[in-house]
Amino acid sequence: MIESFTYKITGKADNTALALLAHEAAKYSCYIIVAKPSSSPKDAKSIMSLITGCFKTGDTVEFSFDGSDADVAAKNIKAAIDSIGL
């Protein structure tokens, strides 16, 4: 099942926040990709991939989930982003 959502970063996308996001994403077996318009998609389970994504406050990003637990992952990643303050 494929799920996706768009999110506008309103908090600080620092290394700590991105590490927490990668840690949450690693809990799921589905593929989780995050991308900004006009840039290459990044693996949300990889902290290094997220750091090199140069995400910053004000960016609008799209999260895409593909796999058997995509619906649960999408729901929980949304909640995690809110709790992280990203």
Side-chain angles (χ1 to χ4, degrees):
M1 174 181 261
I2 298 175
E3 297 279 333
S4 67
F5 66 86
T6 302
Y7 183 82
K8 184 169 183 172
I9 299 173
T10 57
K12 189 173 180 185
D14 61 10
N15 291 353
T16 301
L18 296 174
L20 291 169
L21 176 59
H23 178 73
E24 180 64 27
K27 295 178 182 177
Y28 307 98
S29 63
C30 64
Y31 294 102
I32 305 173
I33 302 298
V34 60
K36 296 189 305 186
S38 71
S39 70
S40 61
K42 303 297 180 185
D43 178 0
K45 295 180 184 183
S46 166
I47 181 61
M48 292 309 294
S49 184
L50 293 176
I51 289 171
T52 61
C54 300
F55 300 110
K56 62 186 182 305
T57 303
D59 285 346
T60 299
V61 296
E62 182 169 0
F63 285 84
S64 300
F65 306 79
D66 187 11
S68 61
D69 59 352
D71 55 341
V72 173
K75 179 181 134 205
N76 292 337
I77 292 290
K78 280 183 190 177
I81 290 170
D82 290 336
S83 71
I84 292 168
L86 190 63

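Nothing fancy with the numbering, it's 1 onward along the sequence. Just so you know, these numbers come straight off a predicted model, no measurement behind them.
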If you look only at distance, which donor and acceptor atoms sit under 3.5 Å apart when one is on a side chain in residues 76-86 and the other is two or more places apart or in another chain?
unit_1 : atom_1 : unit_2 : atom_2 : d
Asn76  : ND2    : Tyr28  : OH     : 3.0
Asn76  : ND2    : Val72  : O      : 3.4
Ser83  : OG     : Ala80  : O      : 3.0

Considering only residues two or more places apart or on different chains, which pairs with a residue in residues 30-57 satisfy ring-ring contact (aromatic ring centres under 6.0 Å, His included)?
none

Could you check if a side-chain atom of Leu50 sits within less than 4.5 angstrom of a side-chain atom of Leu21, using non-hydrogen atoms only?
yes

Quick test of your reading: applying ring-ring contact (aromatic ring centres under 6.0 Å, His included), list the pairs with at least one residue in residues 64-84, sequence neighbours left out, ordered by first then second residue.
Phe5-Phe65

For a quick test of reading the model, state the closest non-hydrogen atom pair linking Leu18 to Ile47 and the distance between them.
C-CD1, 3.4 Å

Which residue pairs satisfy the side chain to side chain donor-acceptor pair (under 3.5 Å) criterion with at least one member in residues 50-74, sequence neighbours excluded?
Ser29-Asp69, Lys56-Asp59

Give, for atom NE2 of His23 and atom CG of Leu20, the distance between the pair rounded to the nearest 0.5 Å.
8.0 Å

With sequence neighbours left out, the residues meeting salt bridge (Lys or Arg N to Asp or Glu O under 4.0 Å) with Glu3 are none

Is the backbone N or O of Met48 less than 3.5 Å from a side-chain atom of Lys42, with the two atoms forming a donor-acceptor pair by type?
no

Which pairs count as side chain to side chain donor-acceptor pair (under 3.5 Å) when at least one residue sits in residues 6-20, sequence neighbours excluded?
none

Taking all heavy atoms of Ala73 and all of Cys30, pick out the closest pair and write down the distance.
CB-SG, 3.6 Å

